[in-house]
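Okay, so here's the structure we're looking at.
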Amino acid sequence: MDAFYASVMIRDRPELHDAPVVVGGGHRGVVLSANYPARRFGIRSGMPGTQAQRLCPHAITMAPDFGLLTPVSRSIMDTFRSVTPVVEVTSLDEAFLDVRGARRLLGSPTVIAERLRSRVRAEHGITCSVGIAASVSVAKLASRQAKPDGVRVIAPDRFVAEVHPLDIGDLHGVGEATRRRLHRIGLVTVGDVAAIPVEQLRRMVGNHLGSHLHALVWGADRTQLRPGGAGVFGFGEGEPESSMGSQHTLAVDVGDRHVLHRELLSLATRVAGRARAAHRRGRTVALTVRFSDFVTVNRSRTLTEPTDVSLEVHATAVDLLDQLLDGLGPRARRVRLVGVRLEGLQRTHDGDTRQLAFGERDPGWPDADRAVDRAVGRFGSTAVRPASLIGHGRRA
DNA sequence: TCTGGGGTCCTAGGACCC
DNA sequence: TCTGGGGTCCTAGGACCC
């Protein structure tokens, strides 16, 4: 989709169509999406909201409404699946389609692309762009070049002519760090990297990255899709995720440990609740801390048994945080962001009960969690929550 | 008033085991 | 009398994506 969040948010407000509109940003936030009028001021997604504000003070800023965005996304993905079952959903607003099997019935990829584009336009009032190629990364590149509201084909026999002159950082999978690293050693364009024998490339940047880059610069990356695709809509489609987490940038940097503990309780409650809803337990609890100087550290602990118990996740996270802060010694640092993640997720089965350690008394917390889940399911997320979060909650 | 939140995958060192 | 080789698991950091 082209500027998906912004396009959907202003779809029914034609008076805003020509005005610069930014979704996201706000206090300590980044831009999620900017419509094309806003982009003319240099606003891009991922940019700090403050910077967007400076670039275009009269831009209209709005928060994303997922109650509006998610159904639109789902419906568009269903449209894609009417063309081929092989759809790899990568986010709310993007998917890869393998149309090899649909050509006899529906026509060339270009015909299919135009059909999809007009359906999306007719049914949802937004535009999208399509890139057509023989591999995932080349299709992705083509779609970026097709934007906005276009179709672009990069046929295999045109790949070298059209892609080798581009900057190596234009490739899908070559981020800022790898781009800088390659530029520093004189490899600027895709063609520059393609000229390096794969063995030499592997020695220069490591085995995996070397092989991966070599494939990318010859348009020879992945051709098989993973239908379903990630946890964009939660569990139920595709393979289960291996982790789930929640993190939060605090409104102001915080030095008070008790405030951080309370924030961890909010995050742990949310993460464990999501795990239970998805019938998953995780064996590793990971803590993320970003300090006010933006230095970010992770600490994790693997438990003997997987857990989905809110207070267990919280207790582990608190322990990790205290150890981290104690290790800092006297030079106290303020914390900007905290996050809790549950890793090594495993599917739980009906009747599964947690293994009790030898001599341990069942503390009853799994029962408490289940009772909370039922109440929250019926009356909303603020119906039942830890007492210490009442009056502090931007959310339960 | 700089810099979100949700993920995945890879690397590398150390512990531990046979 | 001087230390191998292979494997797994855990932890921390980093790159990348939308």
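Proteins come first, then strands; the chains are lettered A, B, ... in the order of their sequence lines, and each starts at number 1. No hydrogens, no waters, no symmetry mates; every other heavy atom, side chains included, goes into these values.
Evaluation of the side-chain hydrogen bond (donor to acceptor under 3.5 Å, both in side chains) rule for A/S292 yields no partner, not counting sequence neighbours. In terms of the salt bridge (Lys or Arg N to Asp or Glu O under 4.0 Å) criterion, residue partners of A/R13 (sequence neighbours excluded) are, by chain and number, A/E15.
If you take NZ on A/K140 and CD on A/Q145, they are separated by 12.0 Å, rounding to the nearest 0.5 Å.
Across all strands shown, A/R283 has heavy atoms under 4.0 Å from sugar-phosphate atoms exclusively, and none from any base.
Stacking of A/R290 on the aromatic ring of A/F294 is recorded, both the 6.0 Å distance cut-off and the 45° axial limit being met.
As a whole-Å value, the separation of A/R222 CZ from B/dT8 P is 14 Å. Taking atom CD of A/E88 as the reference point, atom P of B/dT8 lies 13 Å away to the nearest angstrom. In this structure, A/F291 places its CZ atom 18 Å from P of B/dT3, rounding to the nearest Å. Regarding A/L345, its CG atom lies at a distance of 13 Å from the P atom of B/dC9, rounded to whole Å. Straight-line distance from the CZ atom of A/R301 to the C1' atom of C/dT11: 12 Å, rounded to whole Å. Spacing between atom CZ of A/F294 and atom P of B/dG5 amounts to 10 Å, rounded to whole angstrom units. Atom-to-atom, NE2 of A/H208 to P of B/dC10 comes out at 5 Å; the value is rounded to the nearest Å. Atoms CG (A/L337) and P (B/dG4) sit 8 Å apart, rounded to a whole Å.
Looking at heavy atoms from C-beta onward, A/R333 lies in side-chain contact with A/V295 at the 4.5 angstrom threshold. Two residues are said to be in side-chain contact when any heavy atoms from C-beta on lie closer than 4.5 Å; A/R180 and A/H183 fail this criterion.
In this model, a donor atom of one side chain and an acceptor atom of the other lie less than 3.5 Å apart for A/S310 and A/R276. A donor-acceptor pair shorter than 3.5 Å cannot be found between the side chains of A/Q247 and A/T288. Under 3.5 Å, the side chains of A/T189 and A/D192 contain a donor-acceptor pair of N or O atoms. Looking at A/N35 and A/H17, their side chains never bring a donor and an acceptor atom within 3.5 Å of each other.
An OP1 or OP2 oxygen of B/dT8 is reached within less than 4.0 angstrom by a side-chain nitrogen or oxygen of A/S243. Residue A/R290 has a polar side-chain atom (N or O) positioned under 4.0 Å from OP1 or OP2 of B/dG4. Using a 4.0 Å cut-off, no side-chain N or O of A/H27 falls inside it from OP1 or OP2 of B/dT1. In terms of phosphate contacts, A/T302 brings no side-chain nitrogen or oxygen within less than 4.0 Å of OP1 or OP2 of C/dC9. Close to B/dG5, at under 4.0 Å from its OP1 or OP2, lies no side-chain N or O of A/S246.
For A/H258, the NE2 atom sits in a loose shell: 12 or fewer heavy atoms of surrounding residues, nucleotides or ligands are nearer than 6.0 Å. Counting heavy-atom neighbours within 6.0 Å of A/D293 CG, excluding the residue itself, gives a total above 12. Within a 6.0 Å radius of CZ in A/R115, no more than 12 heavy atoms belonging to other residues, nucleotides or ligands are found.
If you run side-chain contact (heavy atoms from CB on, under 4.5 Å) between A/V174 and each of A/I168, A/V190, A/V193, A/L209, only A/I168 comes through.
Closest approach to the A/H248 side chain among B/dG6, B/dT3, B/dG5 is made by B/dG5 (side chain taken as heavy atoms from C-beta onward).
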### Query
Does the pair A/R257 and A/D326 meet the rule for a salt bridge (charged side-chain N to carboxylate O under 4.0 Å, His left out), with working shown?
CA-CA 11 Å; A/R257 220 178 262 218; A/D326 289 344; 2.9 Å; yes
### Query
Using Watson-Crick and G-U wobble pairs whose two distances are both under 3.5 Å, how do you write the pairing of DNA chain B as dot-bracket, with | for links to another strand?
....||||||||||||||
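Its glycosidic angle being within 90° of 0, C/dT3 falls on the syn side.
Residues of residues 41-62 of chain A that place a heavy atom closer than 4.0 Å to DNA chain B, in numerical order, are A/P48, A/T50. Of all the residues in residues 316-328 of chain A, not one reaches under 4.0 Å from DNA chain B with any non-hydrogen atom.
Comparing A/G245 and A/G206 by the nucleotide of DNA chain B whose heavy atom lies nearest to each, the residue mapping closer to the 5' end is A/G245. Annotation: of the two residues near DNA chain B, A/R341 and A/L209, the 5′-most nearest-nucleotide partner is A/R341.
With both ends at atom C1', the span from C/dC17 to B/dT1 equals 28 Å, rounded to whole Å.
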### Query
How does protein contact run along nucleotides 13-18 of chain C, one letter per nucleotide 5' to 3', with B for base contact, S for sugar-phosphate only, - for none, heavy atoms under 4.0 Å?
S-SSSS
